[in-house]
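Read the structure below first, then the notes.
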Number of protein chains: 2
Amino acid sequence: MPAKRPAARRPTMKDIARRAGVSESAVSFALNDRPGVSEITRDRVRRVAEQLGWRPSTAARALSGEGAATVGFVLARPAHTLGVDSFFLQLVSGIQEVLARRHLGLLFQVAQDLDDECAVYRRWWAEHRVDGVLVVDPRTDDPRQDLLDELGLPAVVIGGAPDERHPALSTVWADDAGAMASLVDALHALGHRRIVHIAGLPGLAHTERRIRALRAEAERRGLTEVQSVTTDYSDAEGAAVTRRVLEAPAPPTALIYDNDVMAVAGVAAAAELGFSVPADVSVVAWEDSALCRMVKPWLSALSRDSVAFGRTAATELTALLDGGPARRVRVPVPRLIERDSTGAARTA
Amino acid sequence: MPAKRPAARRPTMKDIARRAGVSESAVSFALNDRPGVSEITRDRVRRVAEQLGWRPSTAARALSGEGAATVGFVLARPAHTLGVDSFFLQLVSGIQEVLARRHLGLLFQVAQDLDDECAVYRRWWAEHRVDGVLVVDPRTDDPRQDLLDELGLPAVVIGGAPDERHPALSTVWADDAGAMASLVDALHALGHRRIVHIAGLPGLAHTERRIRALRAEAERRGLTEVQSVTTDYSDAEGAAVTRRVLEAPAPPTALIYDNDVMAVAGVAAAAELGFSVPADVSVVAWEDSALCRMVKPWLSALSRDSVAFGRTAATELTALLDGGPARRVRVPVPRLIERDSTGAARTA
DNA sequence: GATTGATCCTAAAGCGCATTAGTGGGCGAC
DNA sequence: GTCGCCCACTAATGCGCTTTAGGATCAATC
């Protein structure tokens, strides 16, 4: 009776050494492409290793100073905003593509808040768990960057603006200001003068960048009825803010939502109030996804390639792990996909 | 000039030993609650450790036989279906809640397909990276379960039916058959006789369970115009199938979608064809999320607590890691939330 | 034919921890 | 007062790997 088959044993370098008739060190040299063994021995060792299905124990490797072959990723957002968001899974998917190629693992953790997130970094560092981390949702005045500097943990900040105070951290960022400028340009050309930007979480670097950019654009054009309102990214707040601004005396004729979820919720809210999209109010989602084509009218959206974004970030991190210098990489500006939710402003 | 501050050094047990004036072994005993040291020494060691911010190196721990303090999670779905899906992030969020409490890490990987996924398990096992894994999307005749048995890797199958062929694996599952039965019950009571089930990926265990359950219910009631159609879970296929079945000679009066995304896409597709929901056709989503309240009409949905599902799965895995027996755990049957997309069947 | 030098390989130490065996001192028992 | 025992602790070993320091062999050099 096969009650409990014993787990198969993992082959070690010692096993290879024995079967190849050489010392363990020779095996190590052979498998790591280090000089010190002849080509024929190297080949033999390689063959034996392959045949035994040997893979280096990450634990042993890490212990002898090679690093943990793992990078960390912490997501610190309130649990209820975790639900329907296409961005992160796509980002992670892109990250994985690059990491998998180098057999790097991705340690994933969801945290409650920033303090929690910092604690996770500290723990990971102290436990020797990761060689580097990917940081998302950077804030203005972000404690994490100081911490990572202090720990000397290689890191790539995703979506942060280049920050000269942290020369050791790489940054991968999109030019939100440029995108906002071209977006306002497009809306302005359609005759829109009253614009409300339903932004994401206050304090996030890219939220603040977008808000500042919008204000700058408005000032440049002399538009006085332009404003940003921050939210928690949830459909509920998106709808609530939409209702509030549309019920005001002089409602906006264009709404910019910082994600797809709020845009969809906003359209529904507008419809309830009797506003027709795009006849009465134009809507743009700052994030494109299947969601934008799941509602009527289809939503115009700023589209970026989140998978590629993830790939770029992961590539930068591997470069950092290889000892390369920290860099500031800009990804392409998101492109406005004009669908059916944007149109000429109603001339009051 | 602070060109490159040297990274802080991680404290080790040796540091603690020196500062506490005892041997390393004493430190080990003290910190692991093992007998062999006096209480006062234990306290002193603990204090020093705390003060130094010491944390055990997972690498060293793993190497000395304690396991990697990490569990693995592989997601093998085509990249384009990764986009908008509330289920997985919620599941993972629940998993984390339990794992974080025990300082277990979660190694996350997206794979191309099943073979790829199996390769990941093999690699993780050989590299000593994980102590156990969480398996999602079990199939009928799933190669992964055999593999995990062979490797002796503790695992919890999420969403699989209890399978006596793999006594070493735990299973956490929902009673899809029961849910389907009550759902058909409800629809039948509303007068629906022609029902189409727009299912998920063929071959997935729960897809097959639902299909079988639907067929059984139909037979029991003598309904002949009831069918299931499999899809890839995407909004595109959801919409396409919806169009196809609604354009048939005798279109169904009720549609059951295996996820929220397809349901939303389906409603839009139905609307385009001139079908009004729920007057002409009722719609139910098998998965509740914010999405269901972002469209008009609000979607009736089978709701389950995905976060709790994740918690349960992680709890079972930790029990397994603690040497407990494999178990079959059933989570509560999803509950039908009746919103506005279901109503009495139109009497032709 | 002894000296260098290269080449291919082995021995040994060390990474940070857990664990087993061993050591010394205090104490009760006879 | 000696024996033995338990307690509190230290020394030493091993986990699987990398790396440094050597050692053996052979060819080329003066």
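Below, chain A is the first sequence line, B the second, and so on; all start at residue 1. Values below: all heavy atoms of this structure, side chains included; hydrogens, waters and symmetry mates excluded.
Of the candidates dC17(D), dC15(D), dT18(D), the closest approach to any side-chain atom of Glu66(A) belongs to dT18(D).
At most 12 heavy atoms of other shown residues, nucleotides or ligands fall within 6.0 angstrom of atom CZ in Arg19(B).
Nearest heavy-atom pair, Pro154(B) versus Gly152(B), reported as atom, atom and distance to 0.1 Å: CD-O, 3.4 Å.
Just one of Arg10(A), Arg61(A), Arg55(A), His103(A) meets the side-chain hydrogen bond (donor to acceptor under 3.5 Å, both in side chains) condition when paired with Glu127(B); it is Arg55(A).
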With salt bridge (Lys or Arg N to Asp or Glu O under 4.0 Å) as the criterion, how do Arg47(B) and Glu50(B) come out once you've worked through the C-alpha distance, each side chain's angles and the decisive distance to 0.1 Å?
CA-CA 5 Å; Arg47(B) 244 193 323 275; Glu50(B) 169 111 11; over 6 Å; no
Which is it for Val331(B) and Val172(B) under the side chain to side chain contact (heavy atoms under 4.5 Å, CB included) test, yes or no, and what are the steps along the way?
CA-CA 7 Å; Val331(B) 298; Val172(B) 176; 3.7 Å; yes
Give the intermediate values and the outcome of side chain to side chain contact (heavy atoms under 4.5 Å, CB included) for residues Val157(A) and Trp173(A).
CA-CA 8 Å; Val157(A) 179; Trp173(A) 65 297; over 6 Å; no
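Within 4.0 Å (heavy atoms only), Met13(B) reaches sugar-phosphate atoms of the nucleic acid but no base atom. Heavy atoms of Ser28(A) sit under 4.0 angstrom from at least one base atom.
Between Arg330(B) and Thr171(B), the side chains place no donor N or O within less than 3.5 Å of an acceptor N or O (distance only, hydrogens not considered). Side chains of Ser25(B) and Ser28(B): a donor-acceptor N/O pair is absent below 3.5 angstrom, by distance only.
Remark: P of dT18(D) and CG of Leu63(B) are 12 Å apart, rounded to the nearest angstrom. Atom CZ of Arg34(A) and atom P of dC17(D) are 15 Å apart (whole Å). The separation between Arg10(A) atom CZ and dC15(D) atom C1' is 12 Å, rounded to whole Å. Per the geometry, CZ belonging to Arg129(B) stands 17 Å off P belonging to dG16(D), to the nearest Å. The interatomic distance linking His128(B) (NE2) with dC15(D) (P) rounds to 12 Å, in whole Å.
Direction of the helix axis in the helix from dG1(C)-dC30(D) to dC30(C)-dG1(D) shifts by 70° between the two five-pair termini, rounded to 10°.
Residues Val22(B) and Ile16(B) have side chains not in contact (no heavy-atom distance under 4.5 Å, counting atoms from C-beta outward).
One finds no side-chain N or O of Trp54(B) lying less than 4.0 angstrom from the OP1 or OP2 phosphate oxygen of dG16(C). For dT18(D), one of the phosphate oxygens OP1 or OP2 lies less than 4.0 angstrom from a side-chain nitrogen or oxygen of Arg61(A).
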For nucleotides 7-10 of chain C, print each protein N/O atom paired with a nucleotide N/O atom at under 3.5 Å, atom names and distance only.
unit_1	atom_1	unit_2	atom_2	d
dC9(C)	OP1	Thr41(A)	OG1	2.7
dC9(C)	OP2	Ser38(A)	N	2.7
dC9(C)	OP2	Ser38(A)	OG	3.2
dC9(C)	OP2	Thr41(A)	OG1	3.2
dT10(C)	OP1	Ser23(A)	N	3.4
dT10(C)	OP2	Ser23(A)	N	2.8
dT10(C)	OP2	Ser23(A)	OG	2.7

